[in-house]
Amino acid sequence: MGQTVAFGSVPTKLGDVLAAVTEEGVAATHFHDEPRVRARIAGRLGLAVADDPDRTADVRAELAAYFSGELREFGVPIDWRLTSPLQRQVLRTLFATVPYGKVVTYGELSARSGTGVPARGIGSIMGGNPIPVIVPCHRVVAGNGLGGFSGGDGVESKRWLLTLEGHLPPPLDWDM
């Protein structure tokens, strides 16, 4: 039997966060669980969809714990197949060197990754990150502010995640 992808989602303040899990690990996450998103991810992976809640149980539990403020480091296996070798090098560097509650600038991540990719290129790699939240592209910021964010509701989602992690102070109307 060939490989498959299983989907599971977790309700959060930022929407129903979807995870796509292959036999190797989490291959994608998305801020909206919709049939078209699932179909697009399965198509990009080139895999049939399996109904396998057991396969998604660990990532669903970790995402729920993260969004409730209880988890600081993801332990689920990652399937990097939707990334190019260059993206993978940068994203693995991010995953390994920027812990919960900390940030790095686009330029700093470029230097850490040893890729020679300019800061703008790092921004493009972050924008194409197939596994946001778990591979924490929200922790990559501009030297003069938050920078961009293509997940969820854009920069407001990035701000929410950085506030959850304690990097930014909560606004007066903060409600986790």
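Just so you know, these numbers come straight off a predicted model, no measurement behind them.
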Once you round to the nearest 0.5 Å, how far does [atom1] of [X] lie from [atom2] of [Y]?
| X | Y | atom1 | atom2 | value |
| --- | --- | --- | --- | --- |
| T83 | I125 | OG1 | CD1 | 10.0 Å |
| S113 | L86 | OG | CG | 7.5 Å |
| T97 | E108 | OG1 | CD | 10.0 Å |
| E24 | I78 | CD | CD1 | 12.5 Å |
| D58 | L63 | CG | CG | 11.0 Å |
| H30 | S9 | NE2 | OG | 12.5 Å |

So does K102 pair up with E165, basic N to acidic O under 4.0 Å?
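No.
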Will you find, in the side chains of [X] and [Y], an N or O donor that is under 3.5 Å from an N or O acceptor?
| X | Y | value |
| --- | --- | --- |
| T22 | D79 | yes |
| E73 | Y66 | no |
| R112 | T93 | no |
| R92 | Q87 | no |

Looking at [X] and [Y], what are the two nearest heavy atoms and their distance?
| X | Y | value |
| --- | --- | --- |
| A119 | G107 | CB-N, 4.0 Å |
| M126 | C137 | SD-CB, 3.7 Å |
| V59 | A19 | CG1-CB, 3.7 Å |
| G116 | S110 | C-OG, 4.3 Å |
| A27 | P130 | O-CB, 3.9 Å |
| D16 | P11 | OD1-CA, 3.3 Å |

What about [X] and [Y], same hydrophobic cluster or not, with Ile/Leu/Val/Met/Phe/Trp/Tyr joined at side-chain heavy-atom distances under 4.5 Å?
| X | Y | result |
| --- | --- | --- |
| V140 | F149 | yes |
| V17 | L162 | no |
| F31 | V37 | no |
| L91 | Y106 | yes |
| I131 | Y100 | yes |

Is the closest side-chain heavy-atom distance between [X] and [Y] below 4.5 Å?
| X | Y | value |
| --- | --- | --- |
| D153 | W160 | no |
| T163 | P169 | no |
| V90 | L109 | yes |
| V5 | F7 | yes |

Mind running side-chain contact (heavy atoms from CB on, under 4.5 Å) on H138 and V103 for me, showing each step along the way?
CA-CA 8 Å; H138 61 278; V103 297; over 6 Å; no
Show, in sequence, the C-alpha distance, side-chain angles and deciding distance for L14 and L161, and conclude whether the side-chain contact (heavy atoms from CB on, under 4.5 Å) test is met.
CA-CA 9 Å; L14 299 180; L161 292 167; 3.9 Å; yes
The residue among H32, R38, R36 that forms side chain to side chain donor-acceptor pair (under 3.5 Å) with E34 is R36
Spell out, as yes or no, whether a donor-acceptor pair under 3.5 Å connects the side chain of [X] to the backbone of [Y].
| X | Y | result |
| --- | --- | --- |
| T29 | L18 | no |
| D52 | R55 | yes |
| E62 | L71 | no |
| R139 | V104 | no |
| T105 | V141 | no |

Counting only heavy atoms from other residues, nucleotides and ligands, does the tally under 6.0 Å from CZ of R81 exceed 12?
yes
If you count the non-hydrogen atoms of other residues, nucleotides and ligands that lie under 6.0 Å from CZ in R120, is the total more than 12?
no
